Amino acid sequence: MSSNLNPRQLEALKLVDAPLLVLAGAGSGKTSVITQKIAYLIQERGLPARSILAVTFTNKAAKEMRERVGKLLDSGQARGLTVSTFHQFGLNFLRAELAKTPLKPNFSIMDSDDAKRLIKELMHRDNMTSADSKTLINKAMSLISSWKNELIEPAQAMSKIEDPEDMIFVEVYKLYQRSLRAYNAVDFDDLIVLPSQVLAEHPEIEAKWQNRLQYVLVDEYQDTNHAQYDLIKRLVGKRGHFTAVGDDDQSIYAWRGAKPENMAQLGEDYPNLKVVKLEQNYRSTSRILEAANKVITNNPHLFEKKLWSDKGQGKQIRVKPCSNEDREAEWVANDIMVTKLKEGLEWKDFAVLYRSNFQARFLEANLRHLQIPYKLSGGTSFFARTEIKDIMCYLRLIMNSDDDSAFLRVVNTPKRGIGAVSLEKLGLFAQERALGLLEAASRPALAEHVPKRAAAELSEFARMIAHYTEELYQNDDPIPLVRQMVGEIGYIDLIKDESKTPQQEKNRLDNIEVLYQNIQGLINRAEPEDQTLEAALRKLLLLDMLEQQRDEDDTNQVSLSTLHAAKGLEFNHVYMMGLEEEMLPHRNSILSETVEEERRLMYVGITRARESLCLSYAKERRAGAERKPTSISRFLEELPGEDLIWAGKNNAPVEDPVLTAQRHIDNLRAMLANQKKA
DNA sequence: CGAGAGGTGATTTTT
DNA sequence: TCACCTCTCG
């Protein structure tokens, strides 16, 4: 073990008895360091696996880490080791310390979509919404979330507001927290905030966890927010036996509360903090790294670092000006095709990165036209799909009858003739008696408060949920029952009625099947004592189901991704599109003077590339109905000129772009045909 | 109550 | 350009 590590990496690995910050540049092998360190702690330092905690931000990263650690350890050695996301850890913590939390068993987890609906509902009820309600709701969401991330409780929020107009949001925050507790539900932020509060309020619990966790490793440390920082700090205690790995140049989530300053903060909180820099990059050619270094020197730095590599100079970075966004998309698609054929590459060698999701649209059409297979990262996640959320809410309601949020979503889906007016009356009835909505719906006395028809429907709905609850709790094999329920409540018919095309109908029905399979998979894989629908749902609610998505990842396709979603990935050949002012850097970031974060996005994009990088921009772009000239991104001008090669700049003869494209395509067709013959 | 018309707004999104 | 929301009418 600990083979193939360089001296710096080894130093980071062997430093155990003091707090350690590893400044790991892009591509510097940080995952190797973390995974090998875990193995080292267990095998060489004799730490029990269950005394080690490694936290990441994404399920994907956690999964990869688990797999890589698994390969380093003998079977059985990893037993009890925790490698999980912050949120997963928080959830397990809350379940372990339930008595010290304001929660009851089987509490629900609301995702941001649920939270948004709730906030909307609350603001609506208080007539706070005005003409631009969407903006207000978004503002409320982000303020509440940032308060939570700063560990500011509703009662303290009033003293923290900067703008008197934000006062109404303090009120929304209070109502929101109250609702969550009444629903026996938590949101994503609570999964971090509540554990931190429990530790703060109960020294004996804090001592217990500190005693249990003898070593903590944190990945992507620059992305931690204050609450996460606080949680880790409490878990490691004064002893500070931890490794934090991060790169302030890759901090691209400040807009949602991440604080790269947390890296510097460590030096103050732990005077004996050791810092190790990993500057050797194992990914990219030196020209690519030079470009990345050059761009990022325009930002102020917490820590100085300079990436280098011994992969050779490599090719120049291509820059391609295009006349407009259509030509740009066309050019990129064509260039991928040409490069692939010329150099005998595979589709998965290529990635196209962009700032905003909508930029992918133009490209998709062109890729399809050339029959280039591609996969879109991001987009609507599986769990955001209507049919999945609906069914999940049925299941949530079955697990937790207080989950009013789930109740409201499914009570009239499919349509049962229960409208907004009846629900409002039900809400009033429930409030007066301090009941959950489902409980209220089952009360006979309700009939005097809502229209007769609606009362009958509500009571029938409550009876039905009670029926399925009973069945599901009794049965060891829940999936057939869930399937039966989904059919019986008329959900399948709803999909058949509502789908506009046979394709859409099939997709939705397939999605539901995938959901069943995932629940089943989670049940099968769980520890024997945890093989319940409830345990499976708990995992599902944190989107912790990536088995077959992984398989999809391995297929041979061109990757289209936002710059954000590309962090942590690498590709042989990378295209970045839309290198224009107001695209990258994004318009809003110029206005809000957060261009530095955009520059880090540029940096992240550049450092995804192993062998080649190609940057394109459009000289003109549609803005509504008209075309507007663009100006070239400041980041392009920050690149080292000698490493760039401009394709088609000042190229005199103006050939009709449509003809050019057509010729390209004809050539490609011919090449393809030849290839097939050969 | 719900279908259909019209209006409006649109970064990034690990959980 | 599109998707989602809101309002109105049957």
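Quick note on labels: first sequence line is chain A, next is B, and so on, each numbered from 1. Nothing here was measured: the structure is a model prediction, and the numbers come from that model.
Centre separation under 5.5 Å together with a plane angle under 30° does not hold for the ring of Trp255(A) and the six-membered base ring of dT11(B), so they are not marked as stacked. Stacking between His87(A) and dT15(B) is absent: the aromatic ring centre is not both under 5.5 angstrom from the base six-membered ring centre and within 30 degrees in plane angle.
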(request) Decide yes or no on salt bridge (charged side-chain N to carboxylate O under 4.0 Å, His left out) for Arg181(A) and Asp190(A), but give the supporting numbers first. (result) CA-CA 11 Å; Arg181(A) 292 299 93 90; Asp190(A) 284 338; 2.9 Å; yes
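Distance, Ile590(A) CD1 to dT11(B) C1': 12 Å, rounded to whole Å. At whole-Å resolution of the value, CG in Asp114(A) and C1' in dT15(B) are 13 Å apart. Between Arg256(A) atom CZ and dT14(B) atom C1' there is a gap of 6 Å when expressed in whole angstrom units. Look at CG on Asp326(A): it is 11 Å from P on dT1(C), rounded to the nearest Å. Computed from coordinates, the Met123(A) CE to dC5(C) C1' distance equals 16 Å when rounded to whole Å. Taking atom CG of Asp111(A) as the reference point, atom C1' of dT15(B) lies 9 Å away to the nearest angstrom. Between the P atom of dA10(B) and the CD atom of Glu582(A) lies a distance of 16 Å, rounded to the nearest Å. Rounded to whole angstrom, the span from the CD atom of Gln88(A) across to the P atom of dT15(B) amounts to 10 Å.
As judged by a 4.0 angstrom heavy-atom cut-off over every strand, Ser589(A) is placed among residues making no nucleic acid contact. At a threshold of 4.0 angstrom between heavy atoms, the contacts of Tyr253(A) include nucleobase atoms, whether or not backbone atoms are also involved. Within 4.0 Å of Ile418(A), counting heavy atoms only, lie sugar-phosphate atoms of the nucleic acid but no base atom. Nucleic acid contact class of Asp219(A) (heavy atoms, under 4.0 Å, all strands): none. Residue contacts for Lys567(A): at a heavy-atom cut-off of 4.0 Å it reaches no nucleic acid atom on any strand shown. Among the atoms of the strands shown, none is found under 4.0 Å from any heavy atom of Arg587(A). If you check every strand for non-hydrogen atoms under 4.0 Å, Asp223(A) touches a base.
Enclosure of atom CD in Glu424(A) is not indicated, since only 12 or fewer non-hydrogen atoms of other residues, nucleotides or ligands lie within 6.0 angstrom.
Screening Lys619(A), Gln359(A), Arg621(A) for a side chain to side chain donor-acceptor pair (under 3.5 Å) involving Glu328(A) leaves a single residue, Arg621(A).
The side chain of Thr58(A) lies closest to dT14(B) when the candidates are dT14(B), dC5(C), dT1(C). Checked against dT15(B), dT6(C), dG2(B), the side chain of Asn412(A) finds its nearest nucleotide in dG2(B).
For the pair Cys393(A) and Arg409(A), the tightest heavy-atom approach, listed with the atom from each and the gap, is SG-CD, 3.4 Å.
In summary, the side chains of Ser631(A) and Glu581(A) do not present any donor paired with an acceptor at a separation below 3.5 Å, with no hydrogens or angles considered.
Using a 30° and 60° split on the angle between ring planes, Tyr253(A) and His564(A) fall in the tilted class, from 30° to 60°.
Remark: Asn357(A) is in phosphate contact with dT12(B), judged by side-chain N or O atoms under 4.0 Å from OP1 or OP2. Phosphate proximity of dC1(B) to Ser422(A): present, with a side-chain N or O under 4.0 Å from OP1 or OP2. One finds no side-chain N or O of Asn138(A) lying less than 4.0 angstrom from the OP1 or OP2 phosphate oxygen of dA10(B). Note on Thr562(A): a side-chain N or O is less than 4.0 Å away from OP1 or OP2 of dT13(B).
Looking at which nucleotide of DNA chain B each of Thr85(A) and Lys415(A) is closest to, the 5′-most match is held by Lys415(A). Map Asn588(A) and Asp189(A) each onto its nearest nucleotide of DNA chain B; the residue landing nearer the 5' end is Asn588(A).
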